[in-house]
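Reviewing the structure listed below.
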2 protein chains.
Amino acid sequence: MDDVFQALSHSARRKILDIVGKMPGCNVNDVAKYFSMSRIAVMKHLGILEKANLLISQKSGRSRELYFNVVPIQMIYDRWTTEYSQFWASKLTDLKFQTETKKKKKK
Amino acid sequence: MDDVFQALSHSARRKILDIVGKMPGCNVNDVAKYFSMSRIAVMKHLGILEKANLLISQKSGRSRELYFNVVPIQMIYDRWTTEYSQFWASKLTDLKFQTETKKKKKK
DNA sequence: ATAACATGTAACCTAATAGTTACATATGAC
DNA sequence: GTCATATGTAACTATTAGGTTACATGTTAT
């Protein structure tokens, strides 16, 4: 679980997930074009995502096809909707917490 | 958003959230008792959680009362249920897209 | 065969994490 | 006031993260 959260903690990696999610089967260079950092840096991010099982890759010829895997996210979703379900109902009605956090909300 | 995922990426911090969630208003030492690491290390974790807005603290006398805040988690939940909703139902997409996207990279 | 392309590996640098110990400050009990 | 308690701050260390450039390997096209 650490790996998944760690992988998702970097905006570049979440962006990669969005890109691959919209372009299933795209390769490393396709993804790297969206970033200003070097291709090697992108590959390291891909490696982290793959280690967290959020990406699946498959070699095809000289290129590597990338696929987004939603299962680990589903796992986290399940944890939150079960273990934290008690807080969802209670805190949603308490508007004090929401207004406090509304300003500092960013992407 | 980086802060929230980063905060959740360490199992000790997720454990802290569980502890504080079950003991609202508990203080730093109460939490530290659950860990073998030093109190200062625990305080650093608390600081990270507080910076991510997952914890709210309030001084009361000589101790600090801790509360779990579910709002940032709800924010993430919203993102996943909206942006990734396409993947939830059917995570297997046909392979038509990948051939199309690869041709477009002609330049 | 050779050139262009896609990916992989190695070595290196800087900054942030995660932890420690030692000391300082503030408060409640007596 | 004195002392135990609860928290806070400072300084240090080791490891990991995130990035770079240079070079190597494998594959497709001409």
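Order of the sequence lines fixes the chain letters, A, B, ..., with proteins taken first and strands second; residue numbering starts at 1 for each chain.
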Practice problem: Considering just the side-chain nitrogens and oxygens of Ser38(B), establish if one lies under 4.0 Å of OP1 or OP2 belonging to dT20(C). | Solution: yes
Self-check item: Residues Ser57(A) and Glu65(A): side-chain donor-acceptor under 3.5 angstrom
Solution: no
Self-check item: Spatial distance of atom OG (Ser11(B)) from atom CG (Asp2(A)) [nearest 0.5 Å]
Solution: 5.0 Å
Quiz item: Any idea which heavy atoms bring Val4(B) and Ala52(B) closest together, and the distance?
Solution: CG2-O, 3.8 Å
Quiz item: Looking at Arg14(B) and Leu8(B), what are the two nearest heavy atoms and their distance?
Solution: NH1-O, 2.7 Å
Quiz prompt | Atom pair distance, as rounded to whole Å: NZ in Lys15(B) and C1' in dA18(C) | solution = 16 Å
Quiz prompt | Heavy-atom pair of closest approach, residues Ala7(A) and Arg13(A) | solution = O-NE, 2.7 Å
Grab the N/O contacts between the protein and nucleotides 23-30 of chain D below 3.5 Å, and write none if there aren't any.
unit_1, atom_1, unit_2, atom_2, d
dT27(D), O2, Arg62(A), NH1, 3.3

Quiz item: Out of curiosity, Asp3(A) CG to Gln6(A) CD, how far, rounded to the nearest 0.5 Å?
Solution: 8.0 Å
Quiz item: Has the side chain of Arg64(B) got a donor or acceptor atom that lies under 3.5 Å from a matching backbone atom of Gln58(B)?
Solution: no
Quiz item: In whole Å, what is the span from the CE atom of Met37(A) to the P atom of dT21(D)?
Solution: 13 Å
Exercise. Report, as yes or no, whether the 6.0 Å neighbourhood of atom NZ on Lys15(A) holds more than 12 heavy atoms from other residues, nucleotides or ligands.
Key: yes
Quiz item: Can you list, by residue number, the residues of residues 41-55 of chain A that have a non-hydrogen atom closer than 4.0 angstrom to DNA chain D?
Solution: Ala41(A), Lys44(A), His45(A), Ile48(A)
Quiz item: Considering all heavy atoms of both residues, which atom of Leu17(B) and which atom of Leu54(B) are nearest to each other, and what is their separation?
Solution: CD2-O, 3.9 Å
Exercise. Give me the residues of residues 1-8 of chain A where at least one heavy atom lies under 4.0 Å from an atom of DNA chain C, by number, or none.
Key: none
Exercise. Return the value, rounded to whole Å, for the distance between atom NE2 of His10(A) and atom P of dG18(D).
Key: 5 Å
Practice problem: With rounding to the nearest 0.5 Å, note down the distance linking CG in Asn29(B) to OH in Tyr34(B). | Solution: 13.0 Å
Practice problem: Calculate the interatomic distance between Arg13(A) atom CZ and dG18(D) atom C1'; express it in whole Å. | Solution: 9 Å
Quiz item: Rounded to the nearest 0.5 Å, how far apart are CZ of Phe68(A) and CD1 of Ile56(A)?
Solution: 10.0 Å
Quiz item: Would you say Asn29(B) reaches dT5(D)'s phosphate, i.e. side-chain N/O to OP1/OP2 under 4.0 Å?
Solution: no
